[in-house]
Amino acid sequence: MKIRVYYEDTDCGGVVYHSNYLSFCERARSELFFKKGLTPHQETEYFVVKSLEANYISSAVFGDELFVKTKLIEQKSASIVLHQEIKRDEKIIFEMNVKVVYLKNKKPSKIPNEMYEVFKNE
């Protein structure tokens, strides 16, 4: 997914604020669903972030064009682990592993097959 860095994404020095990298990755995960005509959230069923490990390598600045890549690296019944990278000019500037859990009626639940397929085809 392509992301353009806007003024609202930056601090007073024009550098992307650290938490916005997480938002960029969240948008990319949602976009995977939208491309398949699905949604990651329904009334009683949705994904939540359980844990993540992030590595800030280099800063992005106002006006940069970034690309977010998402790859499934671990699959369990009610959770998945994804590796996400943000690149600028083919160079990785941020990466993270994020574990998301599927909840149904606020309890961990088996992830439906069509949801797995969204992440397998990235």
Side-chain angles (χ1 to χ4, degrees):
M1 176 181 162
K2 182 169 81 170
I3 302 266
R4 172 73 68 184
V5 176
Y6 296 108
Y7 185 72
E8 67 187 23
D9 300 319
T10 64
D11 62 16
C12 62
V15 176
V16 172
Y17 190 69
H18 72 280
S19 65
N20 285 337
Y21 294 94
L22 304 179
S23 296
F24 297 159
C25 288
E26 181 73 42
R27 287 182 209 167
R29 291 194 304 273
S30 293
E31 191 62 32
L32 292 174
F33 285 90
F34 299 148
K35 285 182 180 178
K36 300 287 184 181
L38 300 170
T39 177
H41 183 276
Q42 299 168 9
E43 272 188 46
T44 60
E45 299 178 40
Y46 45 88
F47 286 96
V48 295
V49 172
K50 166 100 169 93
S51 62
L52 64 86
E53 181 179 332
N55 185 20
Y56 297 87
I57 300 164
S58 182
S59 296
V61 297
F62 175 71
D64 278 351
E65 187 174 77
L66 308 176
F67 296 90
V68 184
K69 174 100 172 137
T70 303
K71 179 180 177 187
L72 177 68
I73 58 174
E74 184 180 306
Q75 174 180 331
K76 294 190 176 177
S77 177
S79 69
I80 55 176
V81 177
L82 302 166
H83 179 77
Q84 292 189 276
E85 297 176 343
I86 298 178
K87 293 182 177 183
R88 179 186 57 229
D89 300 325
E90 297 301 316
K91 182 179 177 187
I92 297 171
I93 64 167
F94 173 86
E95 63 184 347
M96 77 171 180
N97 288 337
V98 59
K99 182 176 189 174
V100 295
V101 177
Y102 191 75
L103 299 182
K104 184 174 184 178
N105 297 316
K106 299 183 181 179
K107 295 182 181 176
S109 183
K110 185 177 181 340
I111 300 172
N113 285 337
E114 65 269 15
M115 298 293 188
Y116 279 129
E117 295 303 315
V118 168
F119 296 109
K120 286 182 180 179
N121 295 328
E122 168 61 2

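Sequence positions, counted from 1, serve as the residue numbers for this chain.
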Cluster question for you: counting only ILVMFWY and a side-chain heavy-atom cut-off of under 4.5 Å, with indirect links fine, are [X] and [Y] together?
X      : Y      : result
Val68  : Tyr56  : yes
Val101 : Leu72  : no
Leu66  : Ile92  : no
Phe33  : Leu22  : yes
Ile80  : Leu103 : no

Do side-chain atoms of Tyr21 reach the backbone of Ala60 as a donor and acceptor pair under 3.5 angstrom? yes
Atom pair [atom1] ([X]) and [atom2] ([Y]), whose distance is rounded to the nearest 0.5 Å:
X     : Y      : atom1 : atom2 : answer
Lys87 : Ile93  : NZ    : CD1   : 11.5 Å
Ile73 : Gln84  : CD1   : CD    : 10.0 Å
Met1  : Lys69  : CE    : NZ    : 14.5 Å
Ser79 : Ile111 : OG    : CD1   : 6.0 Å
Lys2  : Glu31  : NZ    : CD    : 12.5 Å
Asp89 : Lys91  : CG    : NZ    : 9.5 Å

Considering residues, nucleotides and ligands other than [X], do more than 12 of their heavy atoms fall under 6.0 Å from its [atom1]?
X      : atom1 : result
Lys110 : NZ    : yes
Tyr6   : OH    : no
Tyr17  : OH    : no
Glu53  : CD    : no

The remaining residues in the hydrophobic cluster of Val15, counting side-chain heavy-atom contacts under 4.5 Å among Ile, Leu, Val, Met, Phe, Trp and Tyr, are Val61
Going by the side chain to side chain contact (heavy atoms under 4.5 Å, CB included) test, name the single residue among Val49, Leu52, Val81 that passes it with Val100. Val49
Taking every heavy atom of Ser30 against every heavy atom of Pro40, the minimum-distance pair comes out as OG-CG, 4.0 Å
Smallest separation among heavy atoms of Tyr116 and Gln75, with atom names: CE2-CG, 3.1 Å
Within-4.5 Å side-chain heavy-atom neighbours: Ile86 and Ile3: no
Just to verify, what does Asp11 make a side-chain hydrogen bond (donor to acceptor under 3.5 Å, both in side chains) with, not counting sequence neighbours? none
Does Asp64 have any side-chain hydrogen bond (donor to acceptor under 3.5 Å, both in side chains) partners at least two apart in sequence or in another chain, and if so, which? Arg88
Test Phe67 against Phe24 for ring-ring contact (aromatic ring centres under 6.0 Å, His included), laying out the working first. CA-CA 9 Å; Phe67 296 90; Phe24 297 159; over 10 Å; no
Is there any salt bridge (charged side-chain N to carboxylate O under 4.0 Å, His left out) pair reaching into residues 13-27, and which pairs are they, with sequence neighbours excluded? Glu26-Arg29
Residues forming a salt bridge (charged side-chain N to carboxylate O under 4.0 Å, His left out) with Lys76, sequence neighbours excluded: Glu74
Can you sort out the partners of Tyr46 under ring pair (Phe, Tyr, Trp, His ring centres under 6.0 Å), two or more places apart, ordered by chain and number? His41
